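Note that this is a predicted model, so its numbers are computed, not measured.
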Amino acid sequence: MKPTLAVKGWCPGAYRPMMSGDGLIVRIRPYCARLETAQVLGLCALAQDYGNGILDLTNRANIQIRGVTEARLDALLASLSELRVLDESSELESRRNILVTPFWADGDDTQKLFNDLMSFLPQLPDLPAKFGIGVDVGTAPVLGHASADIRIERARSGLIVRADGASLGRQVSKESAVSAVLEMMDWFAANRVLEERRMAHVLTRCELPAEWTVEAPLATASVPDPGRHRLGLLVGAAFGQIDAAALTGYIHDTGASALRVTPWRMFLLEGATQVASEAFINRPGDPLLHIDACPGAPHCASATVATRNLARQLAGQVTGSLHVSGCTKGCARKAPAATTLVGNQGRFDLVSKGHAWDAPKKTGLRPEDLCAQLTGHT
């Protein structure tokens with residue numbers, strides 16, 4: 001008998017954590033994707049004290065503390081407030097789904113637009129919890145494949161505001177961009193039906209006003225590799241999982257002045273000296289950066305299989321992209337993968353060129369047989 005899968009229509013926060021197989025998931029949303037060193041070290045200490053010692057990087061550039069008990073949640077929230085990483089209320093937290101390029105500089109357009117959006121948070125219409133805004137206005141756009149429903153982007157003529165799912169956007173200035181975002185939110189709220197939580201869903205049956213589809217954004221640049229960066233050091237974390245004790249030591253070793261989060265299972269250490277570490281990914285081309293795997297059992301109640309040890313074993317052995325999912329929800333990857341392994345009652349189903357919820361090509365595969373089964377599989 002298959003387990004009942006609890007598909008959440010919302011993402012966890014700090015004020016509204018989500019229960020998982022290993023306890024509560026408490027999500028912190030760094031302001032403008034950046035944390036001061038003292039805040040990072042504080043989060044590491046709290047993850048070890050109140051959680052299971054693990055921090056997660058999410059594909060929305062947030063940080064999660066895992067394994068928190070309900071009895072200690074209030075004390076954790078008080079400590080997070082002291083670190084200045086919380087919003088003033090749960091309502092503001094739920095509205096602050098703003099993803100920014102991690103490569104901004106003081107005083108640039110990214111910082112201005114983020115601050116403008118922050119000032120308008122109380123005025124936002126009532127939207128689904130996963131509805132988000134992307135601010136991708138650097139000289140080289142990098143968030144084209146990251147999750148966002150409304151995007152502020154750079155085009156040849158200047159800035160545009162674009163609905164996710166539309167190829168063209170609306171021309172705006174720095175001063176009018178946030179007003180255009182609010183108009184697009186109102187349009188979404190007026191045109192969606194109850195089950196539609198994302199902009200792309202609405203666009204499958206509704207057309208945007210003609211003046212909102214004028215110009216294309218600049219092409220999205222490739223995701224940078226781990227290593228030296230003009231702002232410091234870009235570091236990878238396999239599956240987005242960070243050992244809090246290891247990060248504490250690494251911050252001290254590299255002399256980093258701040259940490260910026262990214263949606264690519266990497267973090268940027270400002271002003272850091274390059275130091276090798278077995279706990280993190282420092283070299284370009286590491287296959288672990290290109291494998292998606294959810295926490296799996298026993299960390300997730302929906303999963304019936306362990307995932308990440310298997311994903312490590314298969315790293316570099318499978319041709320093309322690989323997704324190892326504990327269940328058919330496919331939380332770790334929404335895009336199709338060349339090979340997807342889906343947990344099913346202690347074994348795996350194999351999906352070729354698809355999603356975790358698609359019909360499998362093979363079923364009932366034992367974990368110990370997968371390496372042989374997948375050799376050369378595409």
Counting N and O atoms only, with roles assigned by atom type, does the side chain of Asp136 sit under 3.5 Å from a partner on the main chain of Val142, one being a donor and the other an acceptor?
-> yes
Mind checking the CE-CD1 spacing from Met184 to Ile150? Nearest 0.5 Å is all I need.
-> 6.0 Å
Stepwise salt bridge (Lys or Arg N to Asp or Glu O under 4.0 Å) test for Glu93 and Arg16 | CA-CA 9 Å; Glu93 178 189 64; Arg16 191 187 182 193; over 6 Å; no
With rounding to the nearest 0.5 Å, note down the distance linking OH in Tyr15 to CG in Leu77.
-> 7.0 Å
Separation between CG of Leu24 and CZ of Arg72, rounded to the nearest 0.5 Å = 12.5 Å
Answer yes or no on whether Arg162 is positioned over the face of Trp212, meaning its NZ or CZ is under 6.0 Å from the six-membered ring centre and within 45° of the axis.
-> no
Same apolar cluster: Phe239 and Val223, side chain cutoff 4.5 Å = yes
Heavy-atom donor-acceptor pair, Arg96 side chain to Arg29 backbone, under 3.5 Å | yes
Could you tell me whether the side chain of Asp87 and the main chain of Ser89 form a donor-acceptor pair under 3.5 Å?
-> no
Give me the ring orientation class for Tyr250 and Phe267: parallel if the planes are under 30° apart, tilted from 30 to 60°, perpendicular past 60°.
-> perpendicular
When clusters are formed by joining ILVMFWY residues with side-chain heavy atoms under 4.5 Å apart, either directly or through shared neighbours, do Leu143 and Leu117 land in the same one?
-> no
Which of these passes side-chain hydrogen bond (donor to acceptor under 3.5 Å, both in side chains) with Lys112: Asp109, Asp116, Asn115?
-> Asp116
Flag, side chain of Gln39 to backbone of Leu83, donor-acceptor distance under 3.5 Å = yes
Between Arg27 and Asp56, is a salt bridge (Lys or Arg N to Asp or Glu O under 4.0 Å) present by the stated rule, with each step listed?
-> CA-CA 9 Å; Arg27 179 174 293 184; Asp56 285 336; over 6 Å; no
Glu195, CD: over 12 other non-hydrogen atoms inside 6.0 angstrom | yes
Look only at the side chain of Thr340 and the backbone of Gly354, and say whether a donor-acceptor pair between them is shorter than 3.5 Å.
-> yes
Does a salt bridge link Arg34 with Glu36, judged by any charged N lying under 4.0 Å from a carboxylate O?
-> yes
Shared hydrophobic cluster, Ile54 / Val324 (ILVMFWY, side-chain heavy atoms < 4.5 Å) | no
Identify which one of Asn344, Leu350, Asp349 satisfies the side-chain contact (heavy atoms from CB on, under 4.5 Å) criterion when paired with Thr363.
-> Asp349
Could you state the interatomic distance from OG1 (Thr254) to CD1 (Ile251), rounded to the nearest 0.5 Å?
-> 5.5 Å
For Lys174, look at atom NZ and say whether over 12 heavy atoms of other residues, nucleotides or ligands are found less than 6.0 Å away.
-> no
Within 6.0 angstrom of Arg156 CZ, more than 12 heavy atoms from elsewhere | no
pair Leu99-Val135: side-chain heavy atoms closer than 4.5 Å = no
Does Leu289 offer a backbone N or O that forms a donor-acceptor pair with the side chain of Arg265 under 3.5 Å?
-> yes
Test item: Glu215 side-chain N/O and Ile160 main-chain N/O as donor-acceptor pair under 3.5 Å = no
Between the main-chain N or O of Val161 and the side-chain N or O of Arg170, is there a donor-acceptor pair closer than 3.5 Å?
-> no
If only atom types and distance count, is the side chain of Thr37 paired as donor or acceptor with the main-chain N or O of Ala256 below 3.5 Å?
-> yes
For Glu70, look at atom CD and say whether over 12 heavy atoms of other residues, nucleotides or ligands are found less than 6.0 Å away.
-> no
With the 4.5 Å side-chain cut-off for hydrophobic clustering, are Val172 and Met185 part of the same group?
-> yes
Compute both the distance and the angle, then confirm whether Arg198 meets the cation-pi test with Phe188: under 6.0 Å from the six-membered ring centre, within 45 degrees of the axis.
-> no
Spell out, yes or no, whether Met118 and Ile152 are grouped together once hydrophobic residues are joined by side-chain heavy atoms under 4.5 Å, including indirect joins.
-> yes
To the nearest 0.5 Å, what is the distance between CZ (Arg312) and CD1 (Ile291)?
-> 9.5 Å
In this structure, CZ of Arg230 is separated from CG of Leu268 (nearest 0.5 Å) by 9.0 Å
Please indicate whether Arg228 has more than 12 foreign heavy atoms, meaning atoms of other residues, nucleotides or ligands, lying under 6.0 Å from its CZ.
-> yes
Indicate the ring-plane relationship of Phe103 and Trp264, choosing parallel, tilted or perpendicular according to the 30° and 60° boundaries.
-> tilted
Backbone N/O of Thr58 and side chain of Asn62: donor-acceptor pair under 3.5 Å = no
Do the side chains of Val100 and Gln111 get nearer than 4.5 Å, heavy atoms only?
-> no
